[in-house]
Protein chains: 2
Amino acid sequence: MSFTYKYPRPAVAVDMVIFGYDTKKLRVLLIRRGIEPFFDCWALPGGFVNPDESLDDAARRELAEETGLDQIFMEQLYSFGSVDRDPRERVISVCYYALIDLLGTTPKGASDAAEARWFNIDDLPTLAFDHNEILNFSLERIRGKLSYQPVGFELLPRLFTLSQLQRLYEVILGHALDKRNFRKKLMKMDLLLATDEYETNVSHRAAQFYCFDRPKYQKLVKEGFAFDL
Amino acid sequence: MSFTYKYPRPAVAVDMVIFGYDTKKLRVLLIRRGIEPFFDCWALPGGFVNPDESLDDAARRELAEETGLDQIFMEQLYSFGSVDRDPRERVISVCYYALIDLLGTTPKGASDAAEARWFNIDDLPTLAFDHNEILNFSLERIRGKLSYQPVGFELLPRLFTLSQLQRLYEVILGHALDKRNFRKKLMKMDLLLATDEYETNVSHRAAQFYCFDRPKYQKLVKEGFAFDL
DNA sequence: ACAAAAGTGTTTTCCATACACCCATGC
DNA sequence: GCATGGGTGTATGGAAAACACTTTTGT
């Protein structure tokens with residue numbers, strides 16, 4: 001079976017920058033390529049867009065194939081379209097990034113035979129194609145975003161302590177934050193709901209669990225509320 | 001001549017949201033479609049990506065075709081890829097927006113026979129395809145961007161008065177700004193160069209002309225400077 | 001002289017930052 | 001009782017916002 005067109009067409013792929021967080025480090029999921037070009041190189045997971053799925057659907061499908069996870073925060077990043085980014089032929093890549101909590105959930109490895117691994121964000125190999133560029137771009141984006149939107153909640157279990165949240169911000173931003181000021185700011189945002197649950201079995205004062213006020217957040221987003229961290 | 005592939009491929013287009021500003025209103029350049037579907041409807045200018053040009057190149061080419069202008073501020077916005085956004089066949093549209101000063105320059109109409117017109121931003125017709133959605137999206141983006149980057153300079157002549165700059169901000173943001181505070185903030189950014197030229201033939205005190213310190217701006221962008229308006 | 005826009009400073013309020021100690025718990 | 005991280009308040013500096021009058025020019 002084959003498909004014929006009057007004009008040449010680029011292939012269209014989605015590539016995924018999948019961030020994972022595990023209380024210590026920010027990680028990215030990479031796969032080892034099993035075919036040329038860049039055989040054996042690490043690369044961002046991705047694939048071609050099917051005719052019957054939207055770009056978002058394609059991205060969500062890739063994400064599910066690689067991680068087994070659904071219902072994950074995901075956002076379109078940018079489309080890369082240099083003529084020679086793929087040596088074989090013209091490929092336009094629409095890139096997405098996703099954020100995954102590596103604690104509360106257990107993402108499976110890639111479904112296809114290809115080897116998949118979580119890499120520490122500041123210890124990355126040279127990647128296939130222009131994937132290093134894409135990765136840097138998405139890292140800048142997530143850091144920028146974190147500063148004015150409470151993106152981080154996607155990377156934590158439903159219930160979390162303020163210290164967990166602060167560590168998350170510190171890991172993503174790459175620098176320490178003042179505990180008291182961090183709490184003040186977050187409380188002022190008024191998007192955290194204190195629960196009556198506390199940590200157990202810790203050898204220090206038990207921290208209170210909070211959860212994220214999703215309805216309120218979505219209302220604010222709709223109204224164009226400007227966050228500010 | 002025809003082109004055959006093993007798998008079906010979407011067509012890839014670039015669509016342009018071209019903003020223009022003329023001291024009173026923010027406008028968008030639309031073209032009237034001469035073919036089905038949406039015959040006679042207004043639509044965003046755009047076209048298919050050629051095999052030998054990058055996405056940015058394609059966007060720049062479209063921009064030049066529609067306006068005759070080169071060297072214009074332009075930025076990728078988002079890629080739209082719903083399955084049914086074009087009733088004929090699958091088309092993925094990579095969208096860009098551009099900003100044009102309608103005073104200092106005189107953009108020609110569209111080069112092809114199609115009718116082209118500048119529409120007031122708050123008096124828009126129903127557009128072809130998902131183009132209303134795309135336009136709203138880009139309007140939000142430009143407003144957001146204005147708040148933390150001095151984007152507005154792209155929409156003014158090389159020499160401009162502070163009042164002109166303020167009017168521009170007010171028109172795009174859609175609300176009034178305090179004159180003294182506006183000047184203080186802009187001066188503190190240190191990106192304006194006062195010239196020794198003044199308005200002439202105005203029936204009030206002549207305003208001083210300023211120009212934008214482009215080298216300094218580009219330096220700051222490279223260093224990741226955060227603006228804040 | 002008056003209309004019309006340019007230009008200019010001060011005060012107040014609020015937010016960001018810096019900073020140090022007591023509290024609860026497990027061992 | 002000690003080690004560990006949880007939790008809290010205050011003082012200071014700087015930016016943002018509010019606000020009104022004088023200057024210049026053409027008619």
Side-chain angles (χ1 to χ4, degrees), chain A residues 22-24 103 143-144 146-150 156-157 159-171 173-211 225-229, chain B residues 22-24 103 144 146-150 156-157 159-171 173-211 220 225-229:
Chain A
D22 71 350
T23 80
K24 289 276 185 304
L103 292 176
R143 284 191 174 135
L146 203 60
S147 316
Y148 66 94
Q149 282 188 14
L156 289 175
L159 295 182
F160 52 86
T161 69
L162 293 181
S163 296
Q164 281 180 294
L165 184 57
Q166 182 175 348
R167 262 193 296 279
L168 167 62
Y169 270 76
E170 289 177 336
V171 165
L173 293 176
H175 60 86
L177 297 169
D178 180 85
K179 184 165 45 158
R180 282 166 292 190
N181 295 335
F182 181 79
R183 285 167 188 235
K184 263 180 285 181
K185 252 188 272 191
L186 270 136
M187 288 316 191
K188 189 156 49 65
M189 281 177 35
D190 205 26
L191 287 168
L192 294 183
L193 295 173
T195 68
D196 53 359
E197 296 187 55
Y198 288 82
E199 283 182 319
T200 49
N201 271 25
V202 286
S203 73
H204 53 77
R205 177 167 173 182
Q208 189 169 17
F209 280 120
Y210 288 78
C211 68
F225 183 77
F227 300 92
D228 230 328
L229 273 165
Chain B
D22 71 350
T23 79
K24 288 277 183 307
L103 292 176
L146 202 60
S147 316
Y148 66 94
Q149 278 189 17
L156 289 174
L159 296 181
F160 51 85
T161 67
L162 293 181
S163 297
Q164 281 180 297
L165 184 57
Q166 183 175 345
R167 262 193 296 279
L168 167 63
Y169 270 76
E170 289 177 335
V171 164
L173 294 176
H175 61 85
L177 298 169
D178 179 89
K179 184 163 50 158
R180 281 165 293 188
N181 294 335
F182 181 79
R183 284 167 189 236
K184 260 180 285 180
K185 252 188 272 190
L186 270 139
M187 288 314 193
K188 189 155 49 65
M189 281 176 36
D190 206 26
L191 287 169
L192 293 183
L193 296 173
T195 68
D196 53 0
E197 297 188 54
Y198 289 82
E199 283 181 319
T200 48
N201 270 27
V202 286
S203 73
H204 55 77
R205 179 167 172 181
Q208 190 169 15
F209 280 120
Y210 288 79
C211 69
L220 288 177
F225 183 76
F227 300 91
D228 229 329
L229 274 166

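Residue numbering restarts at 1 for every chain, and letters A, B, ... go by the order of the sequence lines.
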- Query: Rounded to the nearest Å, what distance is computed from the CZ atom of residue R183(B) to the C1' atom of nucleotide dT8(C)?
  - Reply: 9 Å

- Query: Under 4.0 Å between a side-chain N or O of S163(A) and OP1 or OP2 of dG6(D)?
  - Reply: yes

- Comparing T200(A) with A206(B), nearest DNA chain C nucleotide closer to 5' gives the residue A206(B)

- Query: With sugar-phosphate meaning primed atoms plus P, OP1 and OP2, does K184(A) contact a base, only sugar-phosphate, or nothing at under 4.0 Å between heavy atoms?
  - Reply: base

- Message: Output the rounded distance in Å from NE2 (H175(A)) to P (dA18(C)).
- Response: 11 Å

- Rounded to the nearest Å, what distance is computed from the NZ atom of residue K185(A) to the P atom of nucleotide dG7(D)? 19 Å

- Separation of atom CE in M187(A) from atom P in dG7(D), rounded to whole Å: 9 Å

- Item | Which atom of L159(A) lies closest to which atom of Q164(A), heavy atoms considered | O-OE1, 4.3 Å

- Message: Could you measure the distance from the CZ atom of R183(B) to the CG atom of N181(B)? Nearest 0.5 Å is fine.
- Response: 11.5 Å

- Message: How many whole angstroms separate atom NZ of K179(B) from atom C1' of dT8(C)?
- Response: 9 Å

- Message: By the 4.0 Å heavy-atom rule, please label T161(B) as base, sugar-phosphate, or nothing.
- Response: nothing

- Message: Between the base of dA20(D) and the side chain of R180(B), is one N or O donor paired with an acceptor at under 3.5 angstrom?
- Response: yes

- Item | Interatomic distance where CZ belongs to R205(A) and P belongs to dG26(C) [whole Å] | 13 Å

- I would like to know whether M187(B) and Y210(B) meet side chain to side chain contact (heavy atoms under 4.5 Å, CB included); could you show each step before the answer? CA-CA 11 Å; M187(B) 288 314 193; Y210(B) 288 79; 3.4 Å; yes

- For L162(B) and dG7(C), give me the distance from atom CG to atom C1', rounded to whole Å. 9 Å

- Regarding the side chain of H204(A), the nearest nucleotide among dA24(C), dA17(D), dA20(C) is dA24(C)

- May I ask you to decide if A194(A)'s main-chain N or O and Q208(A)'s side chain share a donor-acceptor pair within less than 3.5 Å? no

- Rounded to whole Å, CZ of F160(B) lies from P of dA5(C) at a distance of 20 Å

- How long is the span from the CG atom in L177(B) to the CZ atom in R167(B), to the nearest 0.5 Å? 12.5 Å

- Quick one: which of dG7(D), dA16(D), dC19(D) gets closest to the side chain of Q208(A)? dG7(D)

- Between D178(B) and A207(A), just flag the one whose closest nucleotide in DNA chain D comes earlier from the 5' side. A207(A)

